[in-house]
Amino acid sequence: MKKESLQAAKTAYGIEAECLQNMLSYFDEDAFSAAVELLKDAPRIGASGCGHSGIICQHFAHLMCCIERPARFVSPAEAIHGATGFLQEGDVMLLASRGGKTAELLPILDICKRKGIRVITVTENLESPLATGADVVLKQYVNRETDKYNSQGTTSSTALCMIFHALQTALIEETDYKNEQFAVIHPGGAVGERLNKK
């Protein structure tokens with residue numbers, strides 16, 4: 001491996017650590033509390049995004065299921081071909097877009113408005129269409145991506161993940177979710193073995 005490659009890899013740790021350290025200064029308690037309330041009360045939760053954001057939204061949907069908040073990732077392509085039928089009035093859709101202008105998500109926002117589905121948008125751009133059209137906006141902060149071109153979805157994915165982890169952590173407290181409940185739905189693997197050990 002080239003010396004420069006090794007140094008770039010080590011620098012990536014510092015870039016992402018700095019991002020996570022600085023994110024808390026952008027934390028809006030009122031917006032975060034509103035998002036938690038919506039998720040807590042929602043019969044069903046959808047999540048959608050494109051590219052790296054979409055992949056992290058799949059993780060978010062799984063995080064919600066792990067605390068028994070029924071959720072699924074809704075593909076932006078499938079959303080406008082019937083998949084938004086999963087959500088009904090009173091449900092919540094979370095849209096993730098760093099720039100807040102992702103063209104594939106804008107029709108989903110319109111569908112949600114027409115159906116009475118509440119929308120949470122996670123974005124860096126609070127003036128974007130996806131932000132101004134949402135019920136709640138959570139600020140995503142990114143210092144820079146880890147690659148030398150500042151173009152790959154690396155640090156931004158980590159930042160989005162952190163927001164989702166914070167939401168799940170708060171929801172566990174708000175819903176008084178018990179580890180015993182998790183043991184029932186997670187009998188598999190080493191975690192399941194530990195949770196269900198007599």
Side-chain angles (χ1 to χ4, degrees), residues 19 23 26 28 31-32 34-142 144-147 149-168 171:
C19 177
M23 277 182 70
Y26 293 90
D28 184 328
F32 187 84
V36 169
E37 286 298 316
L38 287 180
L39 294 169
K40 182 179 74 171
D41 296 334
R44 286 165 298 273
I45 299 164
S48 193
C50 291
H52 288 93
S53 294
I55 292 167
I56 305 304
C57 280
Q58 292 178 53
H59 174 54
F60 172 74
H62 185 68
L63 284 172
M64 293 297 99
C65 287
C66 284
I67 57 171
E68 300 188 49
R69 313 305 307 160
R72 65 167 281 192
F73 172 73
V74 180
S75 159
E78 302 302 329
I80 59 171
H81 289 274
T84 42
F86 164 72
L87 296 168
Q88 304 297 319
E89 184 174 357
D91 292 341
V92 170
M93 171 64 90
L94 184 144
L95 301 174
S97 167
R98 182 179 175 185
K101 300 176 181 178
T102 304
E104 294 89 339
L105 301 184
L106 294 174
I108 302 175
L109 178 63
D110 292 336
I111 291 169
C112 290
K113 285 183 173 181
R114 292 179 66 180
K115 292 188 66 177
I117 298 161
R118 309 298 293 275
V119 175
I120 299 169
T121 291
V122 184
T123 182
E124 214 175 18
N125 185 358
L126 302 184
E127 304 302 318
S128 63
L130 289 174
T132 56
D135 296 284
V136 177
V137 184
L138 298 178
K139 167 76 173 174
Q140 181 181 8
Y141 164 76
V142 183
R144 61 160 289 127
E145 306 291 9
T146 59
D147 68 287
Y149 303 113
N150 191 26
S151 62
Q152 300 296 316
T154 50
T155 310
S156 52
S157 296
T158 300
L160 185 59
C161 236
M162 184 64 247
I163 292 169
F164 291 163
H165 292 172
L167 286 169
Q168 195 218 39
L171 281 163

Can Gln152 and Thr146 be counted as having a side-chain donor-acceptor contact under 3.5 angstrom?
no
- Query: With no hydrogens and no angle check, is any side-chain donor or acceptor of Lys101 less than 3.5 Å from a backbone partner on Asn125?
  - Reply: no
Notebook entry, point to check: More than 12 non-hydrogen atoms from neighbouring residues, nucleotides or ligands closer than 6.0 Å to NE2 on His59, yes or no?
Noted result: yes
Do Leu94 and Cys57 come close enough that some side-chain heavy atom pair is under 4.5 Å? yes
In this structure, CG of Leu126 is separated from CD of Gln140 (nearest 0.5 Å) by 11.0 Å
| said: Quick one, Leu38 and Val92 - any side-chain contact, counting heavy atoms below 4.5 Å? | reply: yes
- Task: Evaluate the side-chain proximity of Leu167 to Ile120: yes if any heavy-atom separation is below 4.5 Å, no if none is.
- Result: no
Of Val122, Leu160, Ile45, the one forming a side-chain contact (heavy atoms from CB on, under 4.5 Å) with Phe60 is Ile45
Check your understanding: Would you say the side chain of Phe32 lies within less than 4.5 Å of the side chain of Val136, judging by non-hydrogen atoms?
Key -> no
Given side chains that start at C-beta, do those of Ile108 and Val74 come closer than 4.5 Å, heavy atoms only?
no
Taken to the nearest 0.5 Å, the spacing of Met162 CE from Tyr141 OH works out to 15.0 Å
>> Please check this pair: side chain of Glu104 against backbone of Pro76, looking for a donor-acceptor N/O pair closer than 3.5 Å.
In response: no
Interatomic distance, CD@Gln58 vs CZ@Arg72, rounded to 0.5 Å, equals 11.0 Å
